[in-house]
Protein chains: 4
Amino acid sequence: MAADGGFAAGHLRAFIERIERLEEEKRALGEDLKQVYAEAKSTGFTPKVMRQVVRLRKMDTAERQEQEALLRVYLDALGESVAAAAE
Amino acid sequence: MAADGGFAAGHLRAFIERIERLEEEKRALGEDLKQVYAEAKSTGFTPKVMRQVVRLRKMDTAERQEQEALLRVYLDALGESVAAAAE
Amino acid sequence: MAADGGFAAGHLRAFIERIERLEEEKRALGEDLKQVYAEAKSTGFTPKVMRQVVRLRKMDTAERQEQEALLRVYLDALGESVAAAAE
Amino acid sequence: MAADGGFAAGHLRAFIERIERLEEEKRALGEDLKQVYAEAKSTGFTPKVMRQVVRLRKMDTAERQEQEALLRVYLDALGESVAAAAE
DNA sequence: TCGCCTGATAGTTGCC
DNA sequence: GGCAACTATCAGGCGA
């Protein structure tokens, strides 16, 4: 692997740098997102609920319903817990 | 602070050791929890939904309803998104 | 799953209760920790620095493990290369 | 909030759309990263080790910052002690 | 390919 | 009331 006299090393360096560049861009987008949520919050919206909205829009409807159905089954199975949860 | 000839140092050491012991116990309980979820999973339950159940039982009912209400307001505000989410 | 006449429900309940018990114990330990820090603070120590000390001691331990992990990664990589070369 | 006849709704929609756009870009960068690793792998490198390299380079950077933070903590602690002694 | 497990991200809580 | 640390959840990568 090192027997190619540094040829591979140059490739490796190139890969690493591409990776680090991409990760930096990703990080920057994360900052932007944080910024948008902060801005929305200062406008009076609730980031936590906004995240829920985004998550729901992203989530496949069938999948979401399936999960809700399973949750209901579990709560039903717990009997009085359901009552406690719903009271 | 160090001028008391190590008296405080002894106290500090005692505090640090109590802390580390408590943290170790906490960590161990975390392991136990993971274990229980794994066992439940192997029995056919869905850990993710179980966590939801635990969260709901813990969460104050009023608070939960409030959050759901706000979510609905947001989805309503988005109009056709609601339709997409509910379809 | 619910068609077994509550058999699974009993299991589910048992799991949930074990989980809630463990989480309660964890929470209690968290309280204890807070208590210790408060006590130390009232004795004149600085919680922030104590936390740093604990963190550093943990890191010292973790670092050794990190080194071992790194070594393993490199050995594994070498092993794979050997294997690749030997294929 | 919804009583303003959709004014806030328009804002909400704008925020949500900005968020979804940013998340899409982030996701795309994630794809790119995966691509680069795959390409490197097909060139004969070991993704696992490459990730380790990237991680270590990141840590080298972070470590310097960590040291500076620690120094500040200690200086702060000393300052507080001085203040406490001077009170 | 599936399950596990670690690393990344979001939420909560305590501190200032 | 905002900020920072910590915790819990989730997704992606790795190994079997």
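For E:dG11, one of the phosphate oxygens OP1 or OP2 lies less than 4.0 angstrom from a side-chain nitrogen or oxygen of A:Arg51. The phosphate of E:dA8 has neither OP1 nor OP2 within less than 4.0 Å of any side-chain N or O from A:Lys26.
B:Tyr37 places its OH atom 17 Å from the P atom of F:dT7, with the value rounded to the nearest Å. One can place CZ of A:Arg55 at 10 Å from C1' of E:dG11, the figure rounded to the nearest angstrom. One can place CG of D:Leu29 at 19 Å from P of F:dA11, the figure rounded to the nearest angstrom. Rounded to an integer number of Å, the gap from CD of B:Gln67 to P of E:dA10 is 16 Å. One can place CD1 of D:Ile19 at 13 Å from C1' of E:dA10, the figure rounded to the nearest angstrom. Separating the CG atom of B:Leu33 from the P atom of F:dA8 is a distance of 8 Å, rounded to the nearest angstrom. Rounded to whole Å, atom P of F:dG12 lies 15 Å from atom CG of D:Asp32.
Not a single donor-acceptor pair under 3.5 Å links the side chain of A:Tyr37 to the backbone N or O of A:Met50.
Minimum atom distance to the side chain of D:Lys58 is reached by E:dA8, of the listed F:dC6, E:dA10, E:dA8.
At the heavy-atom level, A:Lys34 lies nowhere under 4.0 Å from the strands shown. Among the protein residues, B:Lys41 comes within range of the sugar-phosphate backbone only, with heavy atoms under 4.0 Å from sugar or phosphate atoms but none that close to a base.
Only one option out of C:Glu17, C:Glu25, C:Arg18, C:Glu24 pairs with C:Arg21 in a side chain to side chain contact (heavy atoms under 4.5 Å, CB included); it is C:Glu25.
Residue whose closest nucleotide on DNA chain F sits further toward the 5' end, between B:Lys48 and C:Lys48: C:Lys48.
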